[in-house]
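It should be emphasised that the depicted structure is a prediction, and the values quoted were computed from it without experimental measurement. In each ligand, atom 1 is the first atom listed, and ligand 1 is the first ligand listed.
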Amino acid sequence: MIVGTIDQYNHAFPHAPLNLSFSGDGFSLRTQGNGKVVRIVGHNERGALYGAFEYLSRLAQGTLSSNVDYTTSPSAPIRWTNEWDNMDGSIERGYAGNSIFFENGAVLANLSRVTQYARLLASIRVNAVVVNNVNADPATLESNNINGLGRIADAFRPYGIQLGLSPYFASPVNISGLPTYDPLDSRVIAFWQNKTDEIYKRIPDMAGYLVKASSEGQPGPLDYNRTLAQAANLFAKAVKPYGGLVMYRGFIYDATYDKADWTADRAKGAVDYFNGLDGKFDDNVVVQIKYGPVDFQVREPASPLFSHLPSTSMALEVEVSQEYLGQQCHLAYLPPLWKTVTDFDLRINGTSSRVRDIITNKRFKHPSRLGGSAAVVNVGQNSTWLGSHLAMSNLYAYGRLAWNWESDETEILQDWVRLTFGRRDPHLMNTITQMSLASWPAYENYTGNLGTMTITDIYTHFGPNPQRRESKTSGTWLRADEKSIGMDRTVWNGTGPGTGFARQYPDEVYQMYEDLENTPDNLLLWFHHVPYTRRLHSGETVVQHFYNAHYSGAQTAADFVRMWQSLHGSADLDEERYQEVLFRQVFQAGHALVWRDAIVNWLHNVSGIPDDLGRVGHHPWRIEAESMLLDGYKPYAVDPFEAASNSTAIVTSTNTTVGRASVILPQRFTSGVYNLAVNFFDMLGGNSTYEVSVNNCTVATWTADWQDTGKLGHAPSIYIDAHSATRITFPGIKVRNGDRLSIVGTPSGIEPAPLDYISLLPVGVVD
Ligand code: GCV
């Protein structure tokens with residue numbers, strides 16, 4: 001076995017030098033003699049390492065039985081991850097425990113997880129990690145932290161990973177006490193040069209800076225009427241002598257919009273702010289652009305900014321952390337979503353201009369040859385890295401796609417399954433493949449149809465809350481009134497002007513989106529404000545599509561449980577992972593119902609249009625808690641109303657009173673075996689306990705501690721709302737007609753043992 005760089009190889013074998021056509025971090029892998037002779041040659045050291053990982057991967061997957069001989073090179077040099085870790089150890093939009101980098105304002109003493117992470121990332125060919133939050137803390141770059149950052153870089157280095165940093169734009173004021181952070185002020189320029197010199201002294205291979213400025217309340221150049229390019233170039237000049245890069249984020253929009261103004265539109269922000277700046281960035285600046293114009297939503301059109309910077313290097317930003325996509329408590333395999341953008345053809349100047357060709361510099365051929373992608377990952381101390389075993393397919397796939405955005409998402413997934421679980425059980429392979437490929441469409445079905453984006457709360461980003469999306473200043477309105485829904489983003493819709501966002505696309509794309517008839521159904525409400533009764537290309541009306549999609553999506557989430565259960569005992573699945581995934585799938589199935597009911601009830605309420613199939617509001621197997629005989633419990637009107645079945649929950653009358661709710665089972669519950677489901681609210685700040693009994697015989701008990709103990713890492717809620725709404729199920733409960741069913745709730749902390757309803761479901765019924 002030979003492993004080395006091409007230079008090392010040719011030095012060692014001067015009589016038979018290799019002439020391989022590869023570039024960047026590329027490598028060549030050749031095996032001969034049925035795998036007995038192995039030659040791994042990298043274009044550089046990183047390439048040699050990647051080749052070694054590729055060899056191990058193929059060995060593990062059993063795909064080296066015959067001889068192989070191939071060379072591969074990355075489609076782009078930038079294959080970074082971004083971690084939004086704070087110095088106190090918390091992680092913004094992280095759902096897997098605390099930071100592996102920081103704690104209590106400093107770098108962790110023990111960086112063994114960092115070494116493991118570097119190894120993991122190298123195996124998927126990621127080459128740099130920005131370790132601190134883009135909402136940066138000035139303390140990160142203070143002198144007393146530089147050595148700590150250097151230790152992280154030391155842990156990364158053997159794996160070919162470079163460290164990147166997010167600077168706080170106003171640091172000249174915060175760190176040095178200067179009266180200004182104006183990017184053109186000579187004292188500010190000197191500050192950043194000195195700071196950068198100090199960092200490079202300890203970390204000579206620092207990858208560069210990732211800059212969020214004048215965005216979401218962050219200080220930035222606009223505070224001094226300077227341009228984004230002037231800000232980017234400030235940092236670019238400082239890192240240039242060291243070969244560093246500046247990733248300048250395109251995520252910029254006004255903080256407040258006026259809902260009364262139908263031309264106001266957050267989606268237009270990036271293109272407006274970058275207007276006139278193409279060609280004004282230094283050649284080591286790369287503009288890093290989120291896939292959609294808003295913010296990592298369940299579906300968005302490709303960001304039009306990709307078509308506005310032909311003379312500037314660009315990179316795509318995706319999010320592995322499932323911020324708006326179920327926060328790793330819902331399964332969502334994301335490459336099919338990312339590909340709706342990377343495969344999208346922007347038709348710039350009427351020629352093929354796929355986003356993947358723009359970010360890999362094939363389309364514009366920028367002389368700096370920069371470009372690529374960054375993924376916000378936000379791994380934590382949880383032993384699974386992301387809090388969920390299955391969520392890791394997204395990180396694996398990101399690495400594979402960043403190398404080559406044309407790779408097939410199903411093949412990537414199946415490689416991941418073989419590497420993660422094994423290759424003995426074809427049923428396991430088929431099941432995880434089916435679940436993963438069905439997961440994003442299902443999530444879209446129950447959270448954000450027809451281009452509305454995820455109809456979630458605008459802060460927590462987890463459970464449904466259409467009202468918050470409609471709030472005055474959110475800028476991401478649904479604009480749902482009693483007759484119609486959708487953002488009119490056209491220039492002129494026939495009766496009046498829209499926001500004009502569609503005009504930010506090159507002509508052919510603009511014409512498609514401007515025209516109601518030509519807009520694809522899945523982005524209809526992104527671009528147009530239409531009556532609920534409008535017929536889609538699919539033949540359904542808008543409102544009926546919502547109803548159908550929500551029922552279908554929730555059914556798929558329920559099917560995932562059954563599919564996962566069919567893997568119990570598989571030769572490729574240990575009990576621990578089986579149980580941990582099962583727990584999350586059961587949670588997802590329950591929360592998908594919370595989503596389904598919330599959105600269909602809300603829509604029914606605003607539109608007044610009934611579901612053709614009579615499902616909305618019809619729950620024959622449910623018993624509302626507030627309709628039971630209450631002792632120590634009282635009804636509670638939930639806000640938003642759609643977060644609870646029938647808008648009402650029950651809570652204990654004080655935070656120390658034990659509550660009891662009971663009911664004699666009505667006639668419709670004939671004697672038999674049912675699945676018992678209880679919908680309750682698991683709030684942060686208390687671990688209430690519950691006990692269900694049938695005729696005084698206990699059939700189920702549990703503690704609502706999933707938030708407080710971090711069993712589910714999603715953004716917590718201290719309220720009775722759609723984030724805390726949770727379902728627990730107990731299969732095989734025997735009841736006889738006329739039995740008394742009781743539930744006793746013991747409050748804890750701020751949590752008054754809240755209950756929404758119970759369902760006794762005949763086997764196979766999802767509701
Ligand atoms: C780091 C969204 C997220 C913020 C994030 C921001 C960004 O708004 O909700 O948490 O801030 O995007 O990407 O900068």
Given the rule in the side-chain contact (heavy atoms from CB on, under 4.5 Å) test, do Gln322 and Tyr95 qualify, once you have shown the distances and angles that lead to the verdict?
-> CA-CA 8 Å; Gln322 294 171 225; Tyr95 311 107; 5.7 Å; no
Under the criterion side-chain hydrogen bond (donor to acceptor under 3.5 Å, both in side chains), which of Asn86, Asp85, Asn82 is the partner of Asn133?
->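 Checked Asn86, Asp85, Asn82 against Asn133; only one passes side-chain hydrogen bond (donor to acceptor under 3.5 Å, both in side chains): Asn86.
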Which of the numbered atoms in ligand 1 are below 4.0 angstrom from a heavy atom of [X]?
X      : answer
His461 : 9 (O)
Val134 : 1 (C), 14 (O)
Asn133 : 1 (C)
Arg249 : 7 (C), 13 (O), 14 (O)

Is Tyr253 close to ligand 1, meaning an N/O of one under 3.5 Å from an N/O of the other?
->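 No: no nitrogen or oxygen of Tyr253 is under 3.5 Å from one in ligand 1.
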Return yes or no for this condition: an N or O of Glu317 is under 3.5 Å from an N or O of ligand 1.
-> no
When you look at Glu319 and Tyr291, which way does the side-chain contact (heavy atoms from CB on, under 4.5 Å) test go after all the steps?
-> CA-CA 9 Å; Glu319 200 181 36; Tyr291 59 80; 5.5 Å; no
With heavy atoms under 4.0 Å as the rule, classify the contact between Val376 and ligand 1 as side chain, backbone, both or neither.
->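 Near ligand 1, Val376 shows nothing, with every heavy atom at 4.0 Å or more.
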Answer side chain, backbone, both or neither: which part of Phe296 comes under 4.0 Å from ligand 1, heavy atoms only.
->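 Near ligand 1, Phe296 shows nothing, with every heavy atom at 4.0 Å or more.
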Closest approach of [X] and [Y], non-hydrogen atoms and distance?
X      : Y      : value
Gln328 : Leu386 : NE2-O, 2.9 Å
Ser321 : Gly94  : OG-CA, 4.5 Å
Thr460 : Asp457 : N-OD1, 2.9 Å

From atom 6 (C) of ligand 1, work out which of Glu92, Arg93, Glu216 has a heavy atom at the shortest distance.
-> Glu216
Ignoring hydrogens, just give me the one of Ile458, Asn82, Asn135, Ile252 whose non-hydrogen atom is nearest atom 1 (C) of ligand 1.
-> Asn135
Residue and atom name of the nearest protein heavy atom (relative to [atom]), distance in Å to one decimal:
atom                    : value
atom 12 (O) of ligand 1 : Lys290 NZ, 3.0 Å
atom 9 (O) of ligand 1  : Glu323 OE2, 2.6 Å
atom 2 (C) of ligand 1  : Asp295 OD2, 2.9 Å

In terms of ring plane angle, is the pair [X] and [Y] parallel, tilted or perpendicular, where the classes change at 30° and 60°?
X      : Y      : answer
His591 : Trp595 : perpendicular
Trp477 : Tyr257 : perpendicular
Tyr513 : Phe344 : parallel

